[in-house]
Amino acid sequence: METSLGMESLAIKTDHKPEKIENGKGVPLFHCDLYDTELVHKIAQAFLPGISTACVDNTSGDIFRTPASVAAEFRKEMVDYITQRSESFVAETFVLGDVPEVDVSANPYDIISDFVDDFATLKRNLFSRVSGWLLSEKREDKIDDFVQEMEINGFWLTDKREAIAHTLLKNVDFKNEYHCNMRFDSAEELTEHVGSCGFRSMNCENEGCNAMFSTRHREKHDSGCPFKIILCEQKCSDRIMRRDMDRHCITVCPMRLVSCPFYSVGCQSAIPHGVLDQHCSNNLHAHLLYVLRSIHKKTCEEDLEQRLNQVEKELSPSQLAKARDLRSLTTIVKDIETKLGPFKPKKRKQG
């Protein structure tokens, strides 16, 4: 029988008040409990896919059990498992000399993700191990569907997962790079520190961005925030939201490179769109020659230059203003040639 997922039932302390501890002499110390909120959230996001994988692989091929029927039990087992692994991680890896052949990642997300993957592997039943199930697309679909089902039913709420992730982070962050490890003799000193601690949370100041991160990561986030207003990458005068930069550069930026309108007849220049008219004005002589070549394909260069001089003398300012593309200039040249009469190349003596 299908077992429906209930709301969050695992009791976990979620408030992170400054921790008061005692040193070896019985003197109270106040411990800053701030941490990298962005990383903790990322770790917490890995829990649902992990438990979904464990539940799906454990019940595949079983007509009497479903992933939902074992989810609550596996959730508790997974929390216990990854907590124990995190508590012994530093000792096993560094103190006891159990150093693996490959370098140990110092990133808590990588470490804890490995714990979650190991737990899911332990829960595979015989069917999932031998049937080719692990490589099937159906398995991936069932894992994704069960993750969505747990989210809809509020099976494991985000704040509960983040509370666990915070504890795991402190256990495996042996370099203290992602949580604050400062301790103080008084609550006043701690309060003063919290106001300037690099791990205090802040919201992105860019309009439209809802990201939250530790203050120490402000510059890192700002350098890639899609909502940051920045100067055009192609050096035009506009300021654009970073996420709209590609579209701006391709569609409307006056500095985007375009082919010359006379590309098909010989002008191979790539010109910023904003100076295209200037390019056409400055290179009218060359563009006229390209057009004449396309009209008189078998005429030699010397004769074309002669005809070019005749055409240029007949060009009026109004015609010049219209000569901005191949079709317009070709029409103008043909009209002038009609006026000039048939082109008669110079007769040359036989060598």
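- Atom CD of residue Gln310 and atom NZ of residue Lys313 lie 7.5 Å apart, to the nearest 0.5 angstrom.
- Taking each heavy atom of Met78 and Gly50 in turn, the nearest pair found is SD-C, 4.4 Å.
- For Arg242 (side chain) and Cys225 (main-chain N/O), a donor-acceptor pair under 3.5 Å exists by modelled atom type.
- Asp57 pairs by the side chain to side chain donor-acceptor pair (under 3.5 Å) definition with Trp133, Arg139, not counting sequence neighbours.
- Among residues two or more places apart in sequence or in another chain, the side-chain contact (heavy atoms from CB on, under 4.5 Å) test is passed with Asp244 by Ile240, Met241, Arg247.
- Qualifying ring-ring contact (aromatic ring centres under 6.0 Å, His included) partners for His41, counting only residues two or more places apart in sequence or in other chains: none.
- When all heavy atoms of His31 and Cys180 are compared, the closest pair comes out as NE2-O, 3.4 Å.
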Determine, step by step, whether Met150 and Trp156 satisfy the side chain to side chain contact (heavy atoms under 4.5 Å, CB included) criterion, reporting the C-alpha distance in whole Å, the side-chain angles of both residues, the deciding distance to 0.1 Å, and the verdict.
CA-CA 7 Å; Met150 289 188 287; Trp156 201 353; over 6 Å; no
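- In this structure, the side chains of Tyr35 and Lys170 stay at 4.5 Å or more apart for every pair of heavy atoms.
- Ser128 places no side-chain N or O within 3.5 Å of a backbone atom of Ser60 that could act as its donor or acceptor partner.
- To the nearest 0.5 angstrom, Glu302 atom CD is 9.5 Å from Glu305 atom CD.
- Within the 4.5 Å cutoff, no side-chain heavy atoms of Leu326 are placed close to those of Pro261.
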Run the side chain to side chain contact (heavy atoms under 4.5 Å, CB included) test on Thr66 and Thr59 for me, step by step, so that the C-alpha distance in whole Å, both residues' side-chain angles and the decisive distance to 0.1 Å come before the verdict.
CA-CA 6 Å; Thr66 64; Thr59 58; 5.6 Å; no
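- Proximity of Glu337 to His296: side-chain heavy atoms (C-beta onward) are separated by under 4.5 Å at one or more points.
- Residues forming a side-chain contact (heavy atoms from CB on, under 4.5 Å) with Asp62 (at least two apart in sequence, or on another chain): Phe64, Arg65.
- In this structure, the side chains of Arg183 and Cys32 stay at 4.5 Å or more apart for every pair of heavy atoms.
- Two residues are said to be in side-chain contact when any heavy atoms from C-beta on lie closer than 4.5 Å; Ile112 and Ser86 fail this criterion.
- Interatomic distance, NZ of Lys220 versus OG of Ser214, reported as 10.5 Å (0.5 Å rounding).
- Under the 3.5 Å distance criterion, the side-chain polar atoms of Arg256 are left unmatched by any main-chain donor or acceptor of His273.
- The salt bridge (Lys or Arg N to Asp or Glu O under 4.0 Å) test applied to Lys339 returns Glu314, not counting sequence neighbours.
- Residue pairs that meet the salt bridge (charged side-chain N to carboxylate O under 4.0 Å, His left out) test with at least one member in residues 77-88, sequence neighbours left out, are Lys76-Asp80, Glu77-Lys123, Arg85-Asp118.
- Surrounding CG of Asn203 are more than 12 heavy atoms belonging to other residues, nucleotides or ligands, all under 6.0 Å away.
- In plain terms, the two heavy atoms of Gln45 and Arg161 that are nearest each other are OE1-NH1, 3.5 Å.
- Rounding to the nearest 0.5 Å places CE of Met182 at 11.5 Å from CG of Leu29.
- Minimum heavy-atom separation, Ala71 to Ile51: O-CD1, 3.5 Å.
- The two atoms that bring Val90 and Phe174 nearest to each other are CG2-CB, 3.8 Å, heavy atoms only.
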Show me the side-chain donor-acceptor pairs of residues 193-202 shorter than 3.5 Å, one per line, residues at least two apart or across chains.
| residue | atom | partner | partner atom | Å |
| --- | --- | --- | --- | --- |
| Ser196 | OG | His193 | O | 3.3 |
| Arg200 | NE | Gly195 | O | 3.4 |
| Arg200 | NH1 | Ser196 | O | 3.3 |
| Arg200 | NH1 | Cys197 | O | 2.9 |

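- Partners of Asn282 under the side chain to side chain donor-acceptor pair (under 3.5 Å) rule, at least two apart in sequence or in another chain, do not exist in this structure.
- Annotation: side chain to side chain donor-acceptor pair (under 3.5 Å) contacts of Thr83 (sequence neighbours excluded): none.
- Under the side-chain contact (heavy atoms from CB on, under 4.5 Å) rule, Ile82 has a single partner from Leu168, Ile111, Ile43, which is Leu168.
- Atom CD of Gln148 has 12 or fewer neighbouring heavy atoms from other residues, nucleotides or ligands inside a 6.0 Å radius.
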Under 3.5 Å, which donor-acceptor pairs do the side chains of residues 226-239 form with other protein atoms, sequence neighbours left out?
| residue | atom | partner | partner atom | Å |
| --- | --- | --- | --- | --- |
| Lys228 | NZ | Asp222 | OD2 | 3.0 |
| Gln234 | NE2 | Cys249 | O | 3.4 |

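- In this structure, Gln268 places its CD atom where more than 12 heavy-atom neighbours from other residues, nucleotides or ligands lie under 6.0 Å away.
- Counting only heavy atoms from C-beta outward, the side chains of Phe146 and Asp141 never approach each other to under 4.5 Å.
- Residues meeting the side chain to side chain donor-acceptor pair (under 3.5 Å) test with Glu38, sequence neighbours left out: none.
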Output, in order, the C-alpha distance, side-chain angles, deciding distance and verdict of side chain to side chain contact (heavy atoms under 4.5 Å, CB included) for Cys260 and Ile271.
CA-CA 7 Å; Cys260 173; Ile271 313 104; 3.6 Å; yes
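- Summarising the geometry of Arg327 relative to Asp325, their closest heavy-atom pair is N-OD1, 3.1 Å, with the distance given to 0.1 Å.
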Just distance, no hydrogens or angles: give the donor-acceptor pairs under 3.5 Å from side chains in residues 284-293, sequence neighbours left out.
| residue | atom | partner | partner atom | Å |
| --- | --- | --- | --- | --- |
| His285 | ND1 | Glu312 | OE2 | 2.7 |
| His287 | ND1 | Asn283 | O | 3.4 |
| Arg293 | NE | Glu301 | OE2 | 3.0 |
| Arg293 | NH2 | Glu301 | OE1 | 3.1 |
| Arg293 | NH2 | Glu301 | OE2 | 3.4 |

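- The closest side-chain donor-acceptor pair between Asp36 and His217 falls under 3.5 angstrom.
- A distance of 12.5 Å separates NZ of Lys142 from OG1 of Thr53, quoted to the nearest 0.5 Å.
- Heavy atoms of other residues, nucleotides or ligands lying less than 6.0 angstrom from OH of Tyr263 number 12 at most.
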